[in-house]
Amino acid sequence: MDKETVSQLKKETALKNFRFNRFLLLRYLLAGFFFTNLYWLLSLAMSKSMWALLPLGLIVLSVPAIAEHLRLYGYPSDDVRNQLKWHRLYQITQTITNIVLMVSVLTNLGFEQVFPFFTNNVTSKGFVSCILLVGILLSGVILKRINSIYSQKDKHATYITEFSKLNN
């Protein structure tokens, strides 16, 4: 390969990586939610609880979102408005689930059924409430980030635009 071909290949790879890195936070938090739901599912399954269907449903819903991120690595455009619909749906569902679970914890309606591996006391409820609150906040951050990506107002969109201008 000549120097011009190598230089062009480096530019294309850099642009591809810029596009992929704009989803870095989204991917890591999606993985975090996936494994949190997986551990919750395993705990409920060991307790032989029918509530295990709840984290199982969240895991099943996260699979298309994960597939979206796998497809985005080679996506040739900066316009990704139609590419994160499953991830957005998953995060909305996760947020609603966490809010309903938070109400369950605070009102003591179903706490022992949904979290049978915790004792029904103030310390356990405080711990679970903190985890649910963090989940709600992280989902909010993700939804905000998806909206900024849709509107091309995220910092990576600026980097991609500047890099493209400099290298064309």
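Both backbone and side-chain heavy atoms feed into the values below; hydrogens, waters and symmetry mates do not.
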Looking only at side chains, do Q94 and S139 share a donor and an acceptor under 3.5 Å apart? no
Rounding to 0.5 Å, atoms CD (Q91) and CZ (R145) come to a distance of 12.5 Å
How long is the span from the CG atom in L101 to the OG atom in S129, to the nearest 0.5 Å? 10.0 Å
Can you find a pair of side-chain heavy atoms, one from L44 and one from L54, that are under 4.5 Å apart? no
L29 versus I142, closest heavy-atom pair with distance: CB-CD1, 3.4 Å
Are V63 and I92 grouped together when hydrophobic residues (ILVMFWY) are joined by side-chain heavy atoms under 4.5 angstrom apart? no
Does any donor atom in the side chain of N121 or S124 lie under 3.5 Å from an acceptor atom in the other side chain? yes
Partner set under side chain to side chain donor-acceptor pair (under 3.5 Å) for E112, not counting sequence neighbours: N120
When hydrophobic residues are tied together by side-chain contacts of less than 4.5 Å, even through go-betweens, does V114 share a cluster with L109? no
So which atom in K85 and which in E68 form the shortest heavy-atom distance, rounded to 0.1 Å? N-OE2, 3.1 Å
P55 vs L38 side-chain heavy atoms within contact, under 4.5 Å: no
Find out if a path of hydrophobic residues (ILVMFWY) with successive side-chain heavy-atom gaps under 4.5 Å connects L26 to L143. no
Nearest non-hydrogen partners of T36 and G32, listed with the distance: OG1-O, 2.8 Å
If you group Ile, Leu, Val, Met, Phe, Trp and Tyr by side-chain heavy-atom gaps below 4.5 Å, do F35 and L42 land in one group? yes
Student check: side-chain heavy atoms of N98 and M102 closer than 4.5 Å: no
Is the number of heavy atoms from other residues, nucleotides or ligands under 6.0 Å of R88 CZ greater than 12? no
Is it true that L58 and I96 fall in one hydrophobic cluster, defined by side-chain heavy atoms closer than 4.5 Å? no
Check the angle between the aromatic planes of F117 and F115 and answer parallel, tilted or perpendicular using the 30° and 60° thresholds. perpendicular
Residue pair F33 / L138, side-chain heavy-atom distance below 4.5 Å: yes
Transitive ILVMFWY cluster of L24, excluding itself - 4.5 Å side-chain cut-off: Y28
Can you tell me how far the CG atom of L84 sits from the OH atom of Y90, to the nearest 0.5 Å? 15.0 Å
Show every side-chain hydrogen bond (donor to acceptor under 3.5 Å, both in side chains) that has at least one partner inside residues 41-64, sequence neighbours left out. none
Can you measure from CZ (F34) to CG (L61) and round to the nearest 0.5 angstrom? 12.0 Å
Is the positively charged end of K125 above the ring of F111, judged by distance under 6.0 angstrom from the centroid and angle within 45° of the axis? yes
